[in-house]
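Computed over heavy atoms, backbone and side chain alike; hydrogens, waters and symmetry mates excluded. Below, read A as the first sequence line, B as the second, and so on, with proteins coming before strands; counting in each chain starts at 1.
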There are 2 protein chains.
Amino acid sequence: MPPAPTDADWMAAAVALSQRGRPTAAPNPNVGCLIVQRGRVVARGWTQPGGRPHAEAMALAAAGDAARGATAYVSLEPCAHASPRGPCCTDALIAAGVARVVVAAIDPDPRTDGQGTARLRAAGIAVGTGVLADAARAAMAPWWTRQTRGAPFVTLKLATSLDGCIALADGSSRWITGERARAHGHLERARHEAILVGRGTLLADAPRLDVRLPGLEARSPKKLLLTRGGTAPEGWTAVASPESVAGVDSLLVEGGARAASAFLAADRVDRLLLYRAPILIGGGKAALGDIGLADLAAAHGRWSLVDSRLLGSDRLDVYERIRKE
Amino acid sequence: MPPAPTDADWMAAAVALSQRGRPTAAPNPNVGCLIVQRGRVVARGWTQPGGRPHAEAMALAAAGDAARGATAYVSLEPCAHASPRGPCCTDALIAAGVARVVVAAIDPDPRTDGQGTARLRAAGIAVGTGVLADAARAAMAPWWTRQTRGAPFVTLKLATSLDGCIALADGSSRWITGERARAHGHLERARHEAILVGRGTLLADAPRLDVRLPGLEARSPKKLLLTRGGTAPEGWTAVASPESVAGVDSLLVEGGARAASAFLAADRVDRLLLYRAPILIGGGKAALGDIGLADLAAAHGRWSLVDSRLLGSDRLDVYERIRKE
């Protein structure tokens, strides 16, 4: 027999479930929940599109009586505040008779922030916290970033040649990366609430910015245009500056160099997707313009490699902004 | 007991030995030789500095009587032409009484080119050929390139930020990459006969271009300056164009953008060393200028990733030029 799964093993499954609500759970956090009874999963849940039902509500409904005496694994502390849209999950867990609740991250929302776990404990339920908290926070990075920093979680996508060009000098950029890298880019679109480009890219490429992956067409995000002028074509929303993006938790900045540089100069980029094709262009359009860097020392220690993979003959490197909190 | 080594296993060791003669064996090929008697290595050899003794001569001298009846593994066909500097290795192998010779690559030098193996066979020695031939050729790429294409094997080194810059706009470039990447760069210098920079780099950085690794200081290569003017400071040799590099089999092009672009435009780069630091510069100096690329389609299919590794927080990707021969 294999060894019995640990709390961390069950929580890893709950965190994986939480990814299913990204970005559809927004503006609510994308949470995952697993209900385990005598070593077996009896129900699973994740935050549904629009943010309701919550992960715990979905899992408890699926579990029915099997929740009594069970352990619930939740990637975020159950909410402790009632809402017109439904009862709070803390009360629902108590009512269902679960014996134990294991929580990854404590909810930073001041309406919960420890009150969920306190109420569970007061009801006689065993509570564990902090299990895979970092992984759970990373899985809900967009919501977490808005909660804790009041800003959307911004991913910057760059697709370059080995020498860092995003186009030839004449502007042609089809194609630098291959099919697999471009398909991966569409998957990233499906994981974001909004995509932003600058006016130059809008005029030069007239990008559709939709998700062209079978089954995910309906996941095409909102389209934002970074423009000082304030006007945008139909179907687009004008945004005057990186600081003024509102109403979304996750934003994918797709280009061009001017928009990318504006977000970097404002230190509003949390994650870099670097797709790189094994080609040399030479004298092409640079990926970035001025980002306000004063000297080389200041450039170091800001980005940490979190993923690296080959997509066909292209390489994808994913970096995250190192922020001291 | 582990399984008995195969011919390919022994040859892999001979090819590894051949690397010891790089670049010191030049202008002779860097060859490796292993002599095996009843499943045991009785002697090893590799081409000595300046090209003599040859690998076989070194191994046979070390083996002495133990070579009688043994198998010799040689990464390049033994030479069949006598030289004022020593007897040919084919005759030496026959005289030593080896029973079998296994060869990786056939010597493209018309003075040997199959005659070495033919004479061994005529003397009653069993001969195998083509074992790890590609690996053996790769290990002596500089010599092989001059033999078959009449040009030196050129490695281009680029050290860039993630956005492909080699310096800030003001020219400062110390440091983009970290200590481990720079140490690796010095190791690459030690593996080349000559290093080349352009006049801009010479004036801006006054590079020493020496090998600053303990024990390898004496391996500092010749210094070439790419310059139309034709004059070079003491200790340097002026080179007017990528096509006019002569007298070396292996050349490392270290910078700057103009020299790199000249070699790429002339299609004289065989290998790319791309050191990339996890920093963004934005609006800095591009790694390359115009390399004569007409359209994006022409950029594809030219470079193949052959190695990728992390050096501290920097990444080194090694690409080789794909040439249809």
(request) Side chain from CB out, backbone as N, CA, C, O: work out which of these in A/I176 comes under 4.5 Å of a heavy atom of chain B, or both, or neither. (result) both
(message) Between A/D317 and chain B, with a heavy-atom cut-off of 4.5 Å, which part of the residue counts as in contact: side chain, backbone, both or neither?
(response) side chain
(message) What part of A/L162 gets within 4.5 angstrom of chain B, counting heavy atoms only: side chain, backbone, both, or neither?
(response) both
(message) For B/L280, which atoms come within 4.5 Å of any heavy atom of chain A: side chain, backbone, both, or neither?
(response) both
(message) Within residues 300-316 of chain A, which residues come under 4.5 Å of chain B, heavy atom to heavy atom?
(response) A/H300, A/W303, A/L305, A/S308, A/L310, A/R315
(message) Quick check on A/R276 against chain B: is it the side chain, the backbone, both or neither that has a heavy atom closer than 4.5 Å?
(response) side chain
(request) Taking the side chain as every heavy atom from C-beta outward, state whether B/L296 and A/I279 have any pair of such atoms under 4.5 Å apart. (result) yes
(message) With chain A as the partner, which of B/A260, B/P278, B/S173 has the greatest number of non-hydrogen pairs under 4.5 Å?
(response) B/P278
(message) Holding to ring pair (Phe, Tyr, Trp, His ring centres under 6.0 Å), I want the full list of residues that pass it with B/H184, two or more places apart in sequence or in another chain.
(response) B/Y275
(request) Taking atom CD of A/E179 as the centre, report whether more than 12 heavy atoms of other residues, nucleotides or ligands fall under 6.0 Å from it. (result) no
(request) Report the option among A/G164, A/G289, A/A287 that has the most heavy-atom pairs separated by less than 4.5 Å from atoms of chain B. (result) A/G289
(request) Could you tell me which portion of A/I281 (side chain, backbone, both or neither) has an atom closer than 4.5 angstrom to a non-hydrogen atom of chain B? (result) both
(request) Any side chain to side chain donor-acceptor pair (under 3.5 Å) involving residues 151-165 of chain B? Give me the pairs, sequence neighbours left out, ordered by first then second residue. (result) B/T155-B/H192, B/T155-B/R271, B/S161-B/D163
(request) Could you tell me which residues satisfy side-chain hydrogen bond (donor to acceptor under 3.5 Å, both in side chains) with B/R258, sequence neighbours excluded, listed by chain and number? (result) none
